[in-house]
Amino acid sequence: MPLCPHLTSADDVRSIRRAGVRARSRDHEGTAGVFCLPILPSYQLTHQWGRELRRGGRRTMAAVDFRLPDDEPAFVGHYGRAHQELPSAEAAALIAGCEDARGYEVFVPRAITAKELHRVRAVNPGTGWRYMPDAHGRFPCPCPMCIPRGQYGGAKIRQAAEGRGH
């Protein structure tokens with residue numbers, strides 16, 4: 001039974017302890033569910049999505065740990081590619097066996113009940129990557145989906161992109 005943390009805003013912790021994690025995220029096909037990652041030997045890899053999620057306006061992050069049954073169906077893959085359906089134990093083994101597990105995610109197509117929760121804990125705020133893994137030395141994409149209007153520093157990124165002929 002893999003132990004999986006789901007990263008969320010610390011503002012939602014009280015509600016999650018009472019009612020569990022709602023299936024409000026959507027995968028590439030529009031299915032409702034919960035994104036998570038299995039606990040890996042590296043804290044950095046386990047909580048790699050923390051900084052990227054903070055870009056969306058969440059200030060303080062919390063990890064909600066829960067156990068998935070080994071045969072529970074889950075979708076696993078890199079965030080920018082197609083996901084494959086595997087039992088949760090195989091999905092955890094696939095990510096743990098990757099040479100570079102940055103950018104991988106597990107999607108559970110259902111809500112997580114309060115009875116399934118193992119613990120809720122704080123997450124180090126500087127953990128993870130921004131924009132994408134290996135973003136250092138690469139310019140961020142200036143499109144409105146990646147840098148929405150009103151985002152801090154967004155105008156400067158768009159101006160720099162125009163100067164580069166993007």
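Values below: every heavy atom of this structure, side chains too, minus hydrogens, waters and symmetry copies.
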Ring geometry between Phe75 and Phe107 (parallel below 30°, tilted from 30 to 60°, perpendicular above 60°): tilted
For [Y], is there any backbone N or O sitting under 3.5 Å from a side-chain donor or acceptor partner on [X]?
X: Glu72; Y: Val108; answer: no
X: Gln84; Y: Gly77; answer: no
X: Ser25; Y: Val34; answer: no
X: Tyr43; Y: Asn124; answer: yes

Nearest heavy-atom neighbours spanning [X] and [Y]:
X: Pro109; Y: Ala74; result: CD-CA, 4.5 Å
X: Pro5; Y: Pro38; result: CD-C, 4.2 Å
X: Gly154; Y: Ile147; result: CA-CG2, 3.4 Å
X: Asp70; Y: Pro2; result: OD1-CD, 3.4 Å
X: Ala23; Y: Ala32; result: O-CB, 3.3 Å
X: His6; Y: Phe35; result: ND1-O, 2.7 Å

Counterpart residues, salt bridge (charged side-chain N to carboxylate O under 4.0 Å, His left out), relative to Arg81 (two or more places apart):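 Applying salt bridge (charged side-chain N to carboxylate O under 4.0 Å, His left out) to Arg81 gives none.
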Report yes or no: do [X] and [Y] belong to one cluster of Ile/Leu/Val/Met/Phe/Trp/Tyr joined by side chain heavy-atom distances under 4.5 Å?
X: Tyr79; Y: Ile95; answer: yes
X: Leu94; Y: Leu37; answer: yes
X: Leu117; Y: Leu3; answer: no
X: Met61; Y: Leu40; answer: yes

Within 6.0 Å of CZ in Arg26, more than 12 heavy atoms from elsewhere: yes
Arg164, CZ atom: more than 12 neighbouring heavy atoms under 6.0 Å: yes
How long is the gap from [atom1] on [X] to [atom2] on [Y], to the nearest 0.5 Å?
X: Ile157; Y: Cys146; atom1: CD1; atom2: SG; answer: 10.0 Å
X: Thr31; Y: Arg110; atom1: OG1; atom2: CZ; answer: 14.5 Å
X: Gln48; Y: Ser42; atom1: CD; atom2: OG; answer: 9.0 Å
X: Cys4; Y: Asp65; atom1: SG; atom2: CG; answer: 9.0 Å
X: Arg67; Y: His118; atom1: CZ; atom2: NE2; answer: 5.0 Å
X: Leu7; Y: Cys36; atom1: CG; atom2: SG; answer: 9.5 Å

Output field: ring centroids His78/Tyr104 closer than 6.0 Å: yes
Side chain to side chain contact (heavy atoms under 4.5 Å, CB included) partner of Pro142, the single match among Gln159, Arg158, Glu162: Arg158
Residues Arg17, Val13; criterion side-chain contact (heavy atoms from CB on, under 4.5 Å); working and verdict: CA-CA 6 Å; Arg17 283 191 171 133; Val13 167; 3.7 Å; yes
Full working for side-chain contact (heavy atoms from CB on, under 4.5 Å) between Val21 and Thr8: CA-CA 9 Å; Val21 182; Thr8 188; over 6 Å; no
